[in-house]
Undergrad: 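Supplied in C-alpha coordinates, the structure appears directly below.
A note on names: the letters A, B, ... follow the listed sequences, proteins ahead of strands, and every chain is numbered from 1. Just so you know, these numbers use all the heavy atoms, side chains as well, and skip hydrogens, waters and symmetry mates.
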Number of protein chains: 2
Amino acid sequence: MEIHYKDKTYFSGKDLALSAIGGRWKIAVIWCLLHDSPLRLSEIQKKLPQANQRMLIRQLRELEEDKIVTRYVYPVVPPKVEYKLSEIGLQLEPVVTSICDWGDEFSVFVEKEANKAPAE
Amino acid sequence: MEIHYKDKTYFSGKDLALSAIGGRWKIAVIWCLLHDSPLRLSEIQKKLPQANQRMLIRQLRELEEDKIVTRYVYPVVPPKVEYKLSEIGLQLEPVVTSICDWGDEFSVFVEKEANKAPAE
DNA sequence: ACTCATAGTGACAAAAAAGTCAGTATTGTT
DNA sequence: AACAATACTGACTTTTTTGTCACTATGAGT
(Lines give C-alpha, C1' and ligand atoms only; values in the text may rest on other atoms or scores of the structure.)
Protein backbone atom coordinates (compact mmCIF):
# COMPACT_ATOMS: atom_id res chain seq x y z
CA MET A 1 0.00 0.00 0.00
CA GLU A 2 2.45 2.60 -1.24
CA ILE A 3 1.48 6.21 -1.69
CA HIS A 4 3.37 8.45 -4.06
CA TYR A 5 3.06 12.15 -3.45
CA LYS A 6 5.34 15.03 -4.35
CA ASP A 7 8.25 12.84 -5.40
CA LYS A 8 8.20 10.85 -2.20
CA THR A 9 6.97 7.45 -1.24
CA TYR A 10 4.92 6.86 1.88
CA PHE A 11 4.20 3.47 3.32
CA SER A 12 1.00 4.31 5.17
CA GLY A 13 -1.60 7.02 5.58
CA LYS A 14 0.00 7.81 8.89
CA ASP A 15 3.33 8.63 7.22
CA LEU A 16 1.62 10.82 4.67
CA ALA A 17 -0.38 12.54 7.40
CA LEU A 18 2.76 13.33 9.35
CA SER A 19 4.44 14.84 6.34
CA ALA A 20 1.41 17.05 5.73
CA ILE A 21 0.85 18.31 9.26
CA GLY A 22 4.38 18.02 10.61
CA GLY A 23 5.63 21.59 10.28
CA ARG A 24 6.53 23.71 13.28
CA TRP A 25 3.39 25.88 13.13
CA LYS A 26 0.97 23.79 11.14
CA ILE A 27 -1.05 22.28 13.95
CA ALA A 28 -1.20 25.72 15.57
CA VAL A 29 -2.44 27.33 12.36
CA ILE A 30 -5.02 24.60 11.86
CA TRP A 31 -6.10 25.02 15.45
CA CYS A 32 -6.64 28.74 14.86
CA LEU A 33 -8.66 28.07 11.75
CA LEU A 34 -10.78 25.46 13.47
CA HIS A 35 -11.76 27.99 16.10
CA ASP A 36 -12.15 31.07 13.96
CA SER A 37 -12.49 31.23 10.24
CA PRO A 38 -11.76 32.70 7.83
CA LEU A 39 -8.68 34.49 9.07
CA ARG A 40 -6.35 36.96 7.46
CA LEU A 41 -2.61 36.56 7.77
CA SER A 42 -2.40 39.51 10.13
CA GLU A 43 -5.01 37.89 12.35
CA ILE A 44 -3.15 34.60 12.48
CA GLN A 45 -0.02 36.52 13.39
CA LYS A 46 -1.83 38.08 16.34
CA LYS A 47 -2.92 34.65 17.52
CA LEU A 48 0.54 33.15 17.13
CA PRO A 49 2.92 35.91 18.17
CA GLN A 50 5.79 33.43 18.68
CA ALA A 51 5.87 32.64 14.99
CA ASN A 52 7.34 35.14 12.62
CA GLN A 53 5.54 36.21 9.49
CA ARG A 54 7.86 34.45 7.09
CA MET A 55 7.33 31.12 8.82
CA LEU A 56 3.57 31.50 8.94
CA ILE A 57 3.47 32.27 5.26
CA ARG A 58 5.59 29.23 4.50
CA GLN A 59 3.42 26.96 6.59
CA LEU A 60 0.28 28.38 4.99
CA ARG A 61 1.75 27.87 1.53
CA GLU A 62 2.49 24.24 2.25
CA LEU A 63 -0.96 23.68 3.72
CA GLU A 64 -2.40 25.30 0.63
CA GLU A 65 -0.31 23.11 -1.65
CA ASP A 66 -1.65 20.07 0.17
CA LYS A 67 -5.17 21.48 -0.19
CA ILE A 68 -5.70 21.49 3.55
CA VAL A 69 -6.14 25.25 3.60
CA THR A 70 -7.83 27.44 0.99
CA ARG A 71 -6.65 30.93 0.18
CA TYR A 72 -8.93 33.69 -1.03
CA VAL A 73 -7.39 36.82 -2.48
CA TYR A 74 -9.56 39.91 -2.63
CA PRO A 75 -8.47 42.22 -5.44
CA VAL A 76 -8.19 45.31 -3.24
CA VAL A 77 -5.50 47.62 -2.02
CA PRO A 78 -4.08 47.23 0.52
CA PRO A 79 -4.18 43.47 -0.10
CA LYS A 80 -6.70 41.32 1.68
CA VAL A 81 -6.26 37.57 1.79
CA GLU A 82 -8.34 35.14 3.76
CA TYR A 83 -7.48 31.61 4.81
CA LYS A 84 -9.83 28.83 5.78
CA LEU A 85 -9.76 25.07 6.12
CA SER A 86 -10.83 22.95 3.17
CA GLU A 87 -13.08 19.98 3.62
CA ILE A 88 -10.18 17.62 4.22
CA GLY A 89 -8.65 20.26 6.48
CA LEU A 90 -11.75 20.42 8.65
CA GLN A 91 -11.47 16.69 9.12
CA LEU A 92 -8.30 17.29 11.10
CA GLU A 93 -10.43 18.35 14.05
CA PRO A 94 -10.08 15.01 15.90
CA VAL A 95 -6.33 15.07 15.39
CA VAL A 96 -5.95 18.58 16.77
CA THR A 97 -8.35 17.93 19.61
CA SER A 98 -6.69 14.70 20.69
CA ILE A 99 -3.26 16.34 20.60
CA CYS A 100 -4.51 19.24 22.72
CA ASP A 101 -6.18 16.89 25.19
CA TRP A 102 -3.15 14.67 25.54
CA GLY A 103 -0.89 17.69 25.76
CA ASP A 104 -2.90 19.04 28.67
CA GLU A 105 -2.65 15.72 30.46
CA PHE A 106 1.01 15.50 29.68
CA SER A 107 1.70 18.97 31.01
CA VAL A 108 0.00 18.05 34.29
CA PHE A 109 2.11 14.89 34.38
CA VAL A 110 5.30 16.81 33.67
CA GLU A 111 4.41 19.32 36.36
CA LYS A 112 3.91 16.51 38.89
CA GLU A 113 7.20 14.87 37.94
CA ALA A 114 9.01 18.17 38.35
CA ASN A 115 7.70 18.52 41.91
CA LYS A 116 8.45 14.89 42.69
CA ALA A 117 12.13 15.20 41.75
CA PRO A 118 13.37 18.63 42.83
CA ALA A 119 16.67 18.31 41.00
CA GLU A 120 18.79 21.40 40.23
CA MET B 1 -0.29 29.20 31.32
CA GLU B 2 3.39 28.66 30.62
CA ILE B 3 5.00 25.27 30.88
CA HIS B 4 8.70 24.93 31.54
CA TYR B 5 10.25 21.65 30.55
CA LYS B 6 13.82 20.74 29.68
CA ASP B 7 15.02 24.33 29.47
CA LYS B 8 12.27 25.36 27.13
CA THR B 9 9.06 27.27 27.51
CA TYR B 10 5.82 26.06 26.01
CA PHE B 11 2.71 28.16 25.74
CA SER B 12 0.16 25.36 25.64
CA GLY B 13 -0.26 21.64 26.16
CA LYS B 14 -0.42 21.32 22.41
CA ASP B 15 3.06 22.80 21.98
CA LEU B 16 4.46 20.52 24.64
CA ALA B 17 2.74 17.53 23.05
CA LEU B 18 4.24 18.30 19.68
CA SER B 19 7.72 18.54 21.12
CA ALA B 20 7.28 15.16 22.79
CA ILE B 21 5.84 13.22 19.87
CA GLY B 22 7.29 15.19 16.98
CA GLY B 23 10.28 13.06 16.04
CA ARG B 24 10.53 11.34 12.69
CA TRP B 25 9.78 7.85 14.03
CA LYS B 26 8.02 8.52 17.30
CA ILE B 27 4.43 8.14 16.19
CA ALA B 28 5.45 5.00 14.32
CA VAL B 29 7.15 3.54 17.39
CA ILE B 30 4.18 4.40 19.58
CA TRP B 31 1.89 2.85 17.02
CA CYS B 32 3.92 -0.38 17.17
CA LEU B 33 3.80 -0.44 20.94
CA LEU B 34 0.07 0.21 21.01
CA HIS B 35 -0.49 -2.85 18.85
CA ASP B 36 2.06 -5.18 20.33
CA SER B 37 3.81 -4.84 23.64
CA PRO B 38 6.33 -5.24 25.04
CA LEU B 39 8.74 -5.20 22.13
CA ARG B 40 12.45 -5.62 21.92
CA LEU B 41 14.54 -3.26 19.81
CA SER B 42 15.13 -5.94 17.22
CA GLU B 43 11.39 -6.48 16.93
CA ILE B 44 10.68 -2.79 16.44
CA GLN B 45 13.36 -2.75 13.76
CA LYS B 46 11.56 -5.53 11.92
CA LYS B 47 8.32 -3.56 12.06
CA LEU B 48 9.95 -0.35 10.87
CA PRO B 49 12.53 -1.43 8.31
CA GLN B 50 12.77 2.09 6.85
CA ALA B 51 14.25 3.43 10.06
CA ASN B 52 17.81 2.63 10.89
CA GLN B 53 18.80 1.29 14.26
CA ARG B 54 20.56 4.43 15.44
CA MET B 55 17.48 6.54 14.80
CA LEU B 56 15.16 4.10 16.52
CA ILE B 57 17.37 4.06 19.57
CA ARG B 58 17.45 7.83 19.65
CA GLN B 59 13.70 8.11 19.37
CA LEU B 60 13.26 5.47 22.07
CA ARG B 61 15.69 7.31 24.34
CA GLU B 62 13.77 10.53 23.97
CA LEU B 63 10.45 8.82 24.57
CA GLU B 64 11.96 7.22 27.63
CA GLU B 65 13.25 10.58 28.88
CA ASP B 66 9.75 11.97 28.53
CA LYS B 67 8.42 8.91 30.39
CA ILE B 68 6.19 7.96 27.48
CA VAL B 69 7.98 4.66 27.03
CA THR B 70 9.42 2.40 29.71
CA ARG B 71 12.55 0.39 29.21
CA TYR B 72 13.24 -2.91 30.95
CA VAL B 73 16.72 -4.33 30.86
CA TYR B 74 17.12 -8.04 31.58
CA PRO B 75 20.51 -8.81 33.05
CA VAL B 76 21.33 -11.54 30.56
CA VAL B 77 23.77 -12.19 27.79
CA PRO B 78 23.26 -11.48 24.97
CA PRO B 79 21.37 -8.38 26.15
CA LYS B 80 17.61 -8.34 26.26
CA VAL B 81 15.74 -5.06 26.56
CA GLU B 82 12.01 -4.60 26.35
CA TYR B 83 10.06 -1.44 25.61
CA LYS B 84 6.47 -0.67 26.45
CA LEU B 85 4.24 2.36 26.76
CA SER B 86 3.84 3.98 30.15
CA GLU B 87 0.46 5.05 31.42
CA ILE B 88 0.75 8.48 29.85
CA GLY B 89 2.08 6.82 26.71
CA LEU B 90 -0.96 4.57 26.43
CA GLN B 91 -3.10 7.67 26.51
CA LEU B 92 -1.68 8.60 23.12
CA GLU B 93 -3.98 6.06 21.55
CA PRO B 94 -6.56 8.65 20.36
CA VAL B 95 -3.80 10.78 18.88
CA VAL B 96 -2.30 7.92 16.92
CA THR B 97 -5.68 6.61 15.86
CA SER B 98 -6.93 9.97 14.64
CA ILE B 99 -3.73 10.56 12.71
CA CYS B 100 -4.00 7.15 11.05
CA ASP B 101 -7.66 7.71 10.22
CA TRP B 102 -7.10 11.14 8.76
CA GLY B 103 -4.04 9.93 6.92
CA ASP B 104 -6.07 7.21 5.24
CA GLU B 105 -8.69 9.74 4.16
CA PHE B 106 -6.00 12.10 3.01
CA SER B 107 -4.27 9.46 0.95
CA VAL B 108 -7.57 8.69 -0.80
CA PHE B 109 -8.00 12.42 -1.42
CA VAL B 110 -4.47 12.77 -2.75
CA GLU B 111 -5.02 9.79 -5.01
CA LYS B 112 -8.19 11.34 -6.41
CA GLU B 113 -6.49 14.68 -6.99
CA ALA B 114 -3.67 12.96 -8.82
CA ASN B 115 -6.13 11.35 -11.23
CA LYS B 116 -8.06 14.56 -11.63
CA ALA B 117 -5.02 16.57 -12.72
CA PRO B 118 -2.84 14.31 -14.88
CA ALA B 119 0.09 16.75 -14.88
CA GLU B 120 3.63 15.61 -15.72
C1' DA C 1 6.05 63.81 -2.53
C1' DC C 2 5.76 60.99 1.38
C1' DT C 3 3.84 57.61 4.44
C1' DC C 4 0.87 53.76 5.74
C1' DA C 5 -1.09 49.22 5.53
C1' DT C 6 -1.12 44.41 3.91
C1' DA C 7 0.72 40.41 2.15
C1' DG C 8 4.01 38.94 0.38
C1' DT C 9 9.33 37.21 -1.90
C1' DG C 10 14.53 36.28 -2.06
C1' DA C 11 18.77 35.17 -0.25
C1' DC C 12 21.04 33.61 3.27
C1' DA C 13 22.54 31.95 8.14
C1' DA C 14 21.79 29.13 12.01
C1' DA C 15 20.12 25.37 14.25
C1' DA C 16 18.05 21.05 14.64
C1' DA C 17 17.13 16.61 13.01
C1' DA C 18 18.30 12.59 10.57
C1' DG C 19 21.42 9.38 8.69
C1' DT C 20 25.96 6.75 8.27
C1' DC C 21 29.69 3.99 9.66
C1' DA C 22 32.64 1.90 12.71
C1' DG C 23 33.26 0.15 17.14
C1' DT C 24 32.05 -1.90 22.22
C1' DA C 25 30.65 -5.51 25.78
C1' DT C 26 29.48 -10.19 27.28
C1' DT C 27 29.14 -15.13 27.24
C1' DG C 28 27.97 -19.38 24.87
C1' DT C 29 28.93 -22.19 20.89
C1' DT C 30 31.83 -24.21 17.37
C1' DA D 1 40.62 -18.82 19.13
C1' DA D 2 37.16 -17.04 16.37
C1' DC D 3 32.34 -15.98 15.79
C1' DA D 4 27.53 -15.03 16.80
C1' DA D 5 23.81 -12.45 19.03
C1' DT D 6 21.88 -8.15 21.04
C1' DA D 7 21.73 -3.61 22.27
C1' DC D 8 23.95 -0.24 22.23
C1' DT D 9 27.64 4.53 21.79
C1' DG D 10 30.74 8.00 19.38
C1' DA D 11 31.94 10.91 15.90
C1' DC D 12 30.69 12.66 12.01
C1' DT D 13 28.24 14.34 7.65
C1' DT D 14 24.20 15.53 5.28
C1' DT D 15 19.78 17.19 4.92
C1' DT D 16 15.93 19.62 6.44
C1' DT D 17 13.80 23.00 8.94
C1' DT D 18 13.67 27.44 11.07
C1' DG D 19 14.72 32.01 11.56
C1' DT D 20 16.34 36.69 10.03
C1' DC D 21 16.79 40.71 7.30
C1' DA D 22 15.97 43.44 3.62
C1' DC D 23 13.03 44.42 -0.03
C1' DT D 24 8.49 44.78 -3.28
C1' DA D 25 3.76 46.41 -4.89
C1' DT D 26 -0.43 49.38 -4.79
C1' DG D 27 -3.62 53.09 -3.91
C1' DA D 28 -5.44 56.16 -0.27
C1' DG D 29 -4.71 59.79 2.78
C1' DT D 30 -2.03 63.93 4.18
Undergrad: Any side-chain N or O of A:S42 less than 4.0 Å from the OP1 or OP2 oxygen of C:dA5?
TA: no
Undergrad: Measure CG/B:D15 against C1'/D:dT18 and give the value in whole Å, please.
TA: 15 Å
Undergrad: State whether A:K14 and B:D104 are salt-bridged, where the test is any N-O pair (Lys NZ or Arg NE/NH1/NH2 against Asp/Glu carboxylate O) under 4.0 Å.
TA: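 Looking at A:K14 and B:D104, the cut-off is not met.
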Undergrad: Let me know the distance between NZ of A:K46 and C1' of C:dA7, rounded to the nearest Å.
TA: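 In whole Å, C:dA7 C1' and A:K46 NZ are 13 Å from each other.
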Undergrad: What I want to find out is whether A:K46 reaches A:E43 closely enough, with some N-O distance under 4.0 Å, to be called a salt bridge.
TA: no
Undergrad: Would a single hydrophobic cluster contain both A:V73 and A:L85, if residues Ile, Leu, Val, Met, Phe, Trp and Tyr are joined by side-chain heavy-atom contacts under 4.5 Å?
TA: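 Yes; A:V73 is reachable from A:L85 via cluster members.
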Undergrad: In whole angstrom, give the distance that lies between atom NZ of B:K80 and atom P of C:dG28.
TA: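 Distance check: B:K80 NZ to C:dG28 P gives 17 Å.
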Undergrad: Send over the distance from B:I27 CD1 to C:dA17 P, rounded to a whole Å.
TA: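 After rounding, the gap between these two atoms is 15 Å.
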Undergrad: Among C:dG8, C:dA5, D:dT6, which nucleotide has an atom closest to any side-chain atom of A:P78?
TA: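 For the A:P78 side chain, the nearest candidate turns out to be C:dA5.
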Undergrad: At a heavy-atom distance below 4.0 Å, what parts of residues 47-77 of chain B sit against DNA chain D?
TA: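 Only B:Q53, B:R54, B:I57, B:R61, B:R71 qualify.
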Undergrad: Would you mind reading off the distance between A:Q45 atom CD and C:dA7 atom P, rounded to a whole angstrom?
TA: 8 Å
Undergrad: If you assign each of B:E43 and A:K8 to its closest nucleotide in DNA chain D, which residue comes earlier from the 5' end?
TA: B:E43
Undergrad: Write down the atom of B:I88, the atom of B:I68, and the distance for their closest heavy-atom approach.
TA: CG2-CA, 4.2 Å
Undergrad: From CD of A:E82 over to C1' of C:dG8, roughly how many Å is that when rounded to an integer?
TA: 17 Å
Undergrad: Taking all non-hydrogen atoms of both residues, which atom of B:P94 and which atom of A:S98 are closest, and how far apart?
TA: O-OG, 3.8 Å
Undergrad: Using 30° and 60° as the class limits, which term best fits the ring planes of A:W31 and A:H35: parallel, tilted or perpendicular?
TA: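 Answer is tilted, since the angle falls between 30° and 60°.
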Undergrad: Please confirm whether the shortest side-chain N or O distance from B:R40 to OP1 or OP2 of D:dT6 is below 4.0 Å.
TA: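 Result: no.
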